[in-house]
Enquirer: 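Got a structure for you, questions after.
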Amino acid sequence: MSNPFGTVPPEAILAGDATDAYFERTRSTLEAAGKNPHVVAEVTADQFPTGEFDVFTGVKDVATLFEGRSVDVDALPDGQLFDGGPVMRIEGPYLEFAELETSLLGFLSQPSGFATAALEARRAAPESLVLSFGARHVHPSIASVVERASLLSGLDGFSHVAAGEILGREAGGTMPHALMFCFGEGNQDEAWEAFDGAVPEDVPRIALTDTFWDEVSESLLAAETLGDRLDGVRIDTTSSRRGNFRHIIREVRWELDAHGYEDVDIFCSGGIDPESIETLRDVADGFGVGSHITSAPSVDFSLDIVEMEGEPVSKRGKLSGVKEVYRTLDGGHHVALADRDGPDGEALLEPLVRDGEIVREFDLEEASERCLADAEAVGFRES
Ligand SMILES: O=P(O)(O)OC[C@H]1C[C@H](OP(=O)(O)OP(=O)(O)O)[C@H](O)[C@@H]1O
Ligand SMILES: [Zn+2]
């Protein structure tokens, strides 16, 4: 069976079949009427700046989608922050891309949501180790999309193995409670020793120390068991037992230090979000973030025709005419008609596709540097 999980295959996406039915009906109607106007269409989330920036990503997949289509596409660079106005502009005969609208918006909306949430976690503790641990919360076919968005926004790593093969990065992580159960209560030390003896030398020895007993007792037992082979402990206290989580972490830190284990790091996971990272970043060394990233809302992009055969048009509530967006010198985001003088600042839309040929290189490291630098420039989520 070639498609056992019933996911939409890449060839259907590229063929324009991964589309809403009304776009097929639109094609039939326009072809029957002999219409195929030359248009300019823009992808926007908000018409005007809202004061809240999001991260733009997914543009590499959109470039692939448009390859071979007789259109020109301009877009923000991968990882650019934006707040209002177009993030992408498509020009050409409408029927060259009508059915692609559904997929192009999907390629942008969900990953941009993931990346924005990951940047919130990153900026909550710029000096801490922050890993993406949420692959289990999404359909397996898009796990690499979550992990790529997390790397783009500066996270230090991720847990999903197959995503790592796609991204060319080693997946990381610690150990699950299932491992502790397999050795059973009272045998936590055996579990940690077996892990230490079985996994490759380059895997950090981070013992999960919240399964059967108090976090302090298990953390001290792990330190006594593995000694200087122990790199850290992971504390994932169930929310019903969490109480003052910061106090628990401080208590573990205190007792590890008091017993001479100052080098044992403390990692926190389980419901970790930017707010909890801010309260823990001075007492914990790293975080595993899952559902904060994977449950992020998709950025609500829409595609609108803004010029028809050279004449500005718009749907009520949208803005007519071809626009440009700028990063202003004071870190603002400015939207203006493209044929008027813009503000002092940098015009952000850059060539992506020219007559069906991709004219942009994609480098995740470079995109991540851009994302973090722009987050600084605009004061991302600084209240
Ligand atoms: O989505 P979040 O709430 O941020 O959690 C993400 C972490 C926490 C969770 O621990 P468990 O659910 O205890 O799973 P396991 O025992 O397999 O570590 C699992 O390790 C995930 O990677
Ligand atoms: Zn668990």
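All heavy atoms count here, side chains included; hydrogens, waters and symmetry mates do not. Atoms within each ligand, like the ligands themselves, are counted from 1 in listed order. Keep in mind that what you see is a predicted model, and the values were worked out from it rather than measured.
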Enquirer: Looking only at protein heavy atoms, which one is nearest to atom 18 (O) of ligand 1, and what is the separation?
Expert: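 Nearest neighbour among protein heavy atoms for atom 18 (O) of ligand 1, to 0.1 Å: R234 NH2, 2.7 Å.
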Enquirer: State, without any angle test, whether H334 and E324 hold a side-chain donor-acceptor pair at a distance under 3.5 Å.
Expert: no
Enquirer: If we ignore angles and hydrogens, is there a donor and acceptor under 3.5 Å between the side chains of T102 and D20?
Expert: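 Yes, because at least one side-chain N or O of T102 sits under 3.5 Å from a partner of the opposite role on D20.
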Enquirer: Is the closest side-chain heavy-atom distance between F245 and C268 below 4.5 Å?
Expert: yes
Enquirer: Should D156 and R122 count as an ion pair when the cut-off is N to O under 4.0 Å?
Expert: yes
Enquirer: State whether a side-chain donor-acceptor pair under 3.5 Å links S109 with S298.
Expert: no
Enquirer: Decide, yes or no, whether a salt bridge links E147 with R169 under the criterion of side-chain N to carboxylate O below 4.0 Å.
Expert: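 Judged by the 4.0 Å cut-off on N to carboxylate O distance, E147 and R169 do not form a salt bridge.
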Enquirer: Going by the order shown, which atoms of ligand 1 are within less than 4.0 Å of some heavy atom of S291?
Expert: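 Under 4.0 Å from S291, ligand 1 has these atoms: 1 (O), 2 (P), 3 (O), 4 (O).
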Enquirer: Just to confirm my output: which protein heavy-atom neighbour is closest to atom 1 (O) of ligand 1, and how far is it?
Expert: H137 NE2, 2.5 Å
Enquirer: How is the N/O/S atom of H177 that comes nearest to the Zn ion (ligand 2) named?
Expert: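 Of all N, O or S atoms belonging to H177, ND1 is the one nearest the Zn ion (ligand 2).
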Enquirer: Would M175 count as a polar contact of ligand 1, with the cut-off being nitrogen or oxygen pairs under 3.5 Å?
Expert: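 No; the residue has no nitrogen or oxygen that sits under 3.5 Å from a nitrogen or oxygen of the ligand.
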Enquirer: Report yes or no: does G134 have a heavy atom closer than 4.0 Å to ligand 1?
Expert: no
Enquirer: Which residue supplies the protein heavy atom nearest to atom 16 (O) of ligand 1, what is that atom called, and how far is it?
Expert: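 Scanning the protein heavy atoms, the shortest distance from atom 16 (O) of ligand 1 goes to H177 ND1, 2.8 Å.
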Enquirer: Ion pair present between R205 and D196, side-chain N to carboxylate O less than 4.0 angstrom?
Expert: yes
Enquirer: Among protein heavy atoms, which lies nearest atom 9 (C) of ligand 1, and at what distance?
Expert: D236 OD1, 3.7 Å
Enquirer: To the nearest 0.1 Å, how far is atom 12 (O) of ligand 1 from its closest protein heavy atom, and which atom is that?
Expert: R136 NH1, 4.0 Å
Enquirer: Should G290 be counted as touching ligand 1, given the test is an N or O pair under 3.5 Å?
Expert: yes
Enquirer: Considering heavy atoms of the protein only, find what lies nearest to atom 3 (O) of ligand 1 and give residue, atom and distance to 0.1 Å.
Expert: G271 N, 2.7 Å
Enquirer: Below 30° counts as parallel, above 60° as perpendicular, anything between as tilted: where do the rings of F97 and F66 land?
Expert: tilted
